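Notes follow the structure.
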Amino acid sequence: MISLKVQYSVAILKTVFHSLERSISRAVSNYLQTNYAVDVPVTTEQPKQSSFGEMALPVAFQLAKQLKKAPVMIAKELAAGLTGQIEGVAAFEVANGYLNVRFDRGWFAREILTGNGFETQEFSIRKTIVEHTNINPNKAAHIGHLRNAILGDTFVRMMKAMGTRVETQNYIDNTGVQVADVVAAFHFVEKKTAAEVAELAKQPRFDYLCWDLYSKVAQMEEVKGWRTETLHSIESGEGALSEMGHVVADAIVDCHLNTMLRLGIQYDVLPRESEILHLKFWANCFELLKEKQAIYFETEGKNKGCWVMPGSAFRENAGEEDSKVIVRSNGTVTYVGKDIAYQLWKFGLLGKDFYYRKLRTYPNGSVCYVSTATREGSERVQFGGGTSVYNVIDSRQSYLQDVVVAGLKALGYPNQADKSIHFSYEMVALTPRTCVELGIELSEEDKAKTTVEMSGRKGLGVKADDLIDQLIERAQVEVDSRHAEKSQESRTKVAEQIAVCSLRYFLLKFTRTSVIAFDLQEALSFEGETGPYVQYAAVRANNILRKVPNLPDFKSVLPEEVLRTVLETEDLWQLLLDVSRLESVLEAAVNSGEPAALARYAFQLAQGFSKFYHDYRVLDEADEARRNVLLWMTMHFAKQLEKTLNTLGIAVPEYM
RNA sequence: GCACCCGUAGCUCAGGUGGAUAGAGCAUUUGCCUUCUAAGCAAAGGGUCACAGGUUCGAGUCCUGUCGGGUGCACCA
């Protein structure tokens, strides 16, 4: 086993707060064992009010019945017995049956300052795979796709910050009906040749052109017949239509990668459906499914002539009618079948692999690979074979995801089935007001609704690049008016950073189960609970630090006593405490799979600092020791917030 | 019909494994720029946590039911 120890320059995890939390619950647990002979898990929580102390333990409530004593009594005994026993704890207090803990503020701050509480995180060789974005390569990306990509990308960043090895995949369905429809539009409606389409595909906004074309053709009567003919050609991999399919899909994928890169989103590998077909991934999977009797050949009823998975495999109380067709009566495989094969590959269970070639090198030097069908020109790189897999897919597809998981289980891979996680989220819909602003005509039915669902078919949606452009434009106005002295290039860079931040924060602040009612005016706001508000706090902190040419050596000028004295001031202490909670918050956010928790934490930090900034004039502080504490806190805050923002995929601008 | 998600302030949303007086932003009203940047800070009003039962020392949180809203339930992906 190879075990890599990686020391980050930015220290990670297991910080002072974290270890103090653990040592307290361990001490309480030990005390209970030796003095009461009881073994209960000791949980800690954050008190509702800061005046109760830094940490609260409701353990006395849990024990009241078992020990036949009033909670208050138990808590008092615990407090008496534990006082002076734990380093870093100044006092225990009892209130309403709670055992409240007061930290030794001087010790705590000093510990952070000297970095004593830090441990390095060990990298494991286990790999986690996250699949996200997965946009059909037939039109421009819209904000619904952005929610997927930003959610996935942020979750990847969060896991990486925790020391997890992550591989990011973006599945490309380049042989599906959606691509076929656009190809049909070019061929049958626009009467273009493959060469002509290739020429068109060179324009930067080819995805916009296809957006319009797709919504046009999708609503035409004749599309069904065209689609069948086109799909046939694409699947066989031969003929002009197939060639055109590749031209369209490749060009659109390129557009999507560009759009995502604007938001700092990158991929390690793009597995494509065309390779899944050509390399006959399905054939292997089909044999496995038959062998394990996960599917059976239906001889009667509506599914006669198909290979189906019984409904009982993925649904309770399922009847005959709940069976899911995996192979159609004409012998072709359905999406779910292909997805089971793909899922097997992700876990390294298929016994087949793609070939890969370099698709592009990102500005930061990392490379994005794409699957290819032949060995020639391919590179020796390894993808797939993960121990856990996250599929970032919206909640509307949960039924299909259940079928895929059932397939894994039926094939005898219950562990992998458990580790195949549908990272689901609710859709992004538009408010009727926003539709009106965008000049979208609404039906009477839609006007009455609170939200309107987007639809690529109808061309109804907010394009990602349009929104990013609007955000940049808006940020540019602000930046220009505030910093006329800076160069145009520099101002544009800042405006872009603000725009990206604004968008990412906007899509991250909602929890995954919440339907986002996208309101353009709200999304374009830079005030209140927005990304730019958070960035602004970081920039202000940096502004203070920048004005001190030589920062003192805090370790030597800030002994424990000085820190303790200054941190007697409640709001200063609270800010320090909040700032030191990052790792706990990050861990909880990863475990619950909720990036919103980290985003909101960033906002809370910014709020805390904004108040600090207003209440304390760091640079004007006359008392030198106090000034040093304030300076150190500013620096510590700036570092922690920047770390948080980077994990969210957000940069801190030089100025705002 | 069945399954999943949602219902908390006028609006948009937070409220880890049940815990102390239910929070934030927006909007409204009102203060604060000779100041480390006002993309900011402070204050006020605004709540039967959809409803009804249950579980227990304790329920916005867990269970059941009802009522609203959304989304799925193809030989489409």
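What you are looking at is a predicted structure, and each value in this text was computed from that prediction instead of being measured. Each chain gets a letter, A, B and so on, in the order the sequences are listed, and its residues count up from 1.
- In this structure, the CG atom of A/Asp519 is 10 Å from the P atom of B/rC13, given to the nearest Å.
- The side chain of A/Glu273 approaches B/rA77 more closely than any other nucleotide in the set B/rA77, B/rA39, B/rA14.
- Ring planes of A/His145 and A/His256: tilted class, angle from 30 to 60°.
- In this structure, A/Glu529 pairs ionically with A/Arg600, as a charged nitrogen and a carboxylate oxygen lie closer than 4.0 Å.
- Here B/rC41 is the nucleotide among B/rC41, B/rC36, B/rA20 with the atom lying nearest to any side-chain atom of A/His614.
- The same atom, C1', is picked in B/rC51 and in B/rC6; the two are 16 Å apart, to the nearest Å.
- Comparing B/rU66 with B/rA14, their P atoms are spaced 26 Å from each other, to the whole Å.
- In this structure, A/Lys486 atom NZ and B/rU37 atom P are separated by 12 Å, rounded to whole Å.
- In this structure, B/rC41 forms a base pair with B/rG31, meeting either the Watson-Crick or the G-U wobble geometry with both donor-acceptor distances under 3.5 Å.
- Taking atom CD of residue A/Glu45 and atom C1' of nucleotide B/rG58, one finds them 12 Å apart after rounding to whole Å.
- Where A/Glu529 and A/Thr44 each meet RNA chain B at their nearest nucleotide, the meeting point lying more 5' is that of A/Thr44.
- Considering only side-chain atoms of A/Asn136, the nucleotide from B/rA20, B/rA77, B/rU71 that sits closest is B/rA77.
- Nucleotide B/rU17: unpaired (no Watson-Crick or G-U wobble partner with both distances less than 3.5 Å).
- Distances were taken from every side-chain heavy atom of A/Glu426 (C-beta onward) to each of B/rA20, B/rA39, B/rC5; the shortest belongs to B/rC5.
- Remark: the backbone N or O of A/Leu520 is paired with a side-chain donor or acceptor of A/Thr434 at under 3.5 angstrom.
- The residue A/Thr450 sits apart from the nucleic acid: no heavy atom pair falls under 4.0 Å.
- Residue-level contact check: A/Ala95 touches the bases, meaning some heavy atom is under 4.0 Å from a base atom.
- When distances run from any side-chain atom of A/Ala517 to the nucleotides B/rC36, B/rC13, B/rC75, the shortest one goes to B/rC13.
- The side-chain ring of A/Phe603 is not stacked on the base of B/rA24, judged by centre separation under 5.5 angstrom and plane angle under 30 degrees.
- Within 4.0 Å (heavy atoms only), A/Val177 reaches sugar-phosphate atoms of the nucleic acid but no base atom.
- Residue A/Ala597 is out of contact with every strand shown, counting any heavy-atom pair closer than 4.0 Å.
- Donor-acceptor pairing under 3.5 Å, judged by distance alone, is present between the side chain of A/Asn100 and the base of B/rA20.
- When all heavy atoms of A/Phe637 and A/Ala541 are compared, the closest pair comes out as CD2-CB, 3.9 Å.
- Between the C1' atom of B/rG16 and the OH atom of A/Tyr601 lies a distance of 15 Å, rounded to the nearest Å.
- Taking the six-membered ring where the residue is Trp, A/Phe506 and A/Phe510 present perpendicular rings, their angle passing 60° and hence far from 30°.
- Base contact: A/Leu400 has a heavy atom under 4.0 Å from a base atom.
- Residues A/Tyr536 and A/Phe526 keep their aromatic ring centres 6.0 Å or farther apart.
- In the set B/rU71, B/rA38, B/rA14, the nucleotide with an atom closest to the side chain of A/Glu453 is B/rU71.
- The gap from the P atom of B/rA38 to that of B/rG70 amounts to 46 Å, rounded to the nearest Å.
- Within the 4.0 angstrom heavy-atom criterion, base atoms lie near A/Asn96.
- Under the Watson-Crick and G-U wobble criteria, each requiring two contacts below 3.5 Å, nucleotide B/rA3 is paired to B/rU71.
- Using a 4.0 Å heavy-atom cutoff across all strands shown, A/Gln604 reaches no nucleic acid atom at all.
- Distance check on atom P: B/rA42 versus B/rA9 gives 24 Å, rounded to whole Å.
- Nearest-nucleotide mapping onto RNA chain B: of A/Tyr536 and A/Gln46, the residue sitting toward the 5' end is A/Gln46.
- A/Val590 comes within 4.0 angstrom of nothing in the nucleic acid, heavy atoms only.
- Not one N or O on the side chain of A/Ser502 forms a donor-acceptor pair closer than 3.5 Å with the backbone of A/Ile498.
- When rounded to the nearest whole Å, the span between OH of A/Tyr425 and P of B/rG72 equals 13 Å.
- Residue contacts for A/Val336: at a heavy-atom cut-off of 4.0 Å it reaches no nucleic acid atom on any strand shown.
- The gap from the P atom of B/rC49 to that of B/rA43 amounts to 26 Å, rounded to the nearest Å.
- The nucleotide B/rC51 finds its pairing partner in B/rG65, both defining distances of the Watson-Crick or G-U wobble pair being shorter than 3.5 Å.
- Counting to the nearest Å, the P atom of B/rA59 and the CZ atom of A/Phe61 are 13 Å from each other.
- An OP1 or OP2 oxygen of B/rC73 is reached within less than 4.0 angstrom by no side-chain nitrogen or oxygen of A/Arg396.
- A 4.5 Å side-chain heavy-atom check between A/Leu582 and A/Leu605 finds every atom pair outside the cut-off.
- Here B/rC41 is the nucleotide among B/rU71, B/rC13, B/rC41 with the atom lying nearest to any side-chain atom of A/Ser610.
- Separation of the C1' atoms belonging to B/rA50 and B/rG60 is 12 Å when rounded to the nearest angstrom.
- The distance from atom CD of A/Glu235 to atom C1' of B/rA77 is 12 Å, rounded to the nearest whole Å.
- Among the heavy atoms of the strands, none lies under 4.0 Å from A/His422.
- Aromatic ring pairs are classed by plane angle as parallel below 30°, tilted from 30° to 60° and perpendicular above 60°; the pair A/Phe286 and A/Trp307 is perpendicular.
- A distance of about 31 Å separates the P atoms of B/rU29 and B/rG15, rounded to the whole Å.
- In B/rC6 the O4'-C1'-N dihedral to the base is more than 90° from 0, which defines an anti nucleotide.
- For A/Tyr613, taking side-chain heavy atoms from C-beta onward, the closest of the listed nucleotides B/rA14, B/rU37, B/rA20 is B/rU37.
- Using a 4.0 Å heavy-atom cutoff across all strands shown, A/Ser514 reaches sugar-phosphate atoms only and no base atom.
- Under 3.5 Å, the side chain of A/Ser329 and the base of B/rC75 form at least one donor-acceptor pair of N or O atoms.
- Comparing B/rA39, B/rA20, B/rC41 by their nearest atom to the side chain of A/Glu478 picks out B/rA39.
- Between the side chain of A/Arg482 and the base of B/rA39, a donor-acceptor pair under 3.5 Å is found.
- Looking at heavy-atom distances under 4.0 Å, A/Phe526 makes contact with a base.
- Nearest heavy-atom pair, A/Arg457 versus A/Ala218, reported as atom, atom and distance to 0.1 Å: CG-CB, 3.5 Å.
- The same atom, C1', is picked in B/rG18 and in B/rU55; the two are 11 Å apart, to the nearest Å.
- A/Lys224 comes within 4.0 angstrom of no nucleic acid atom, judged by non-hydrogen atoms across all strands.
- As a whole-Å value, the separation of A/Asp402 CG from B/rA74 C1' is 17 Å.
- In terms of polar N and O atoms assigned as donor or acceptor, the side chain of A/Gln49 comes within less than 3.5 Å of the base of B/rU21 in a complementary pairing.
- Closest to the side chain of A/Gln607, from the set B/rA20, B/rU37, B/rG25, is B/rG25.
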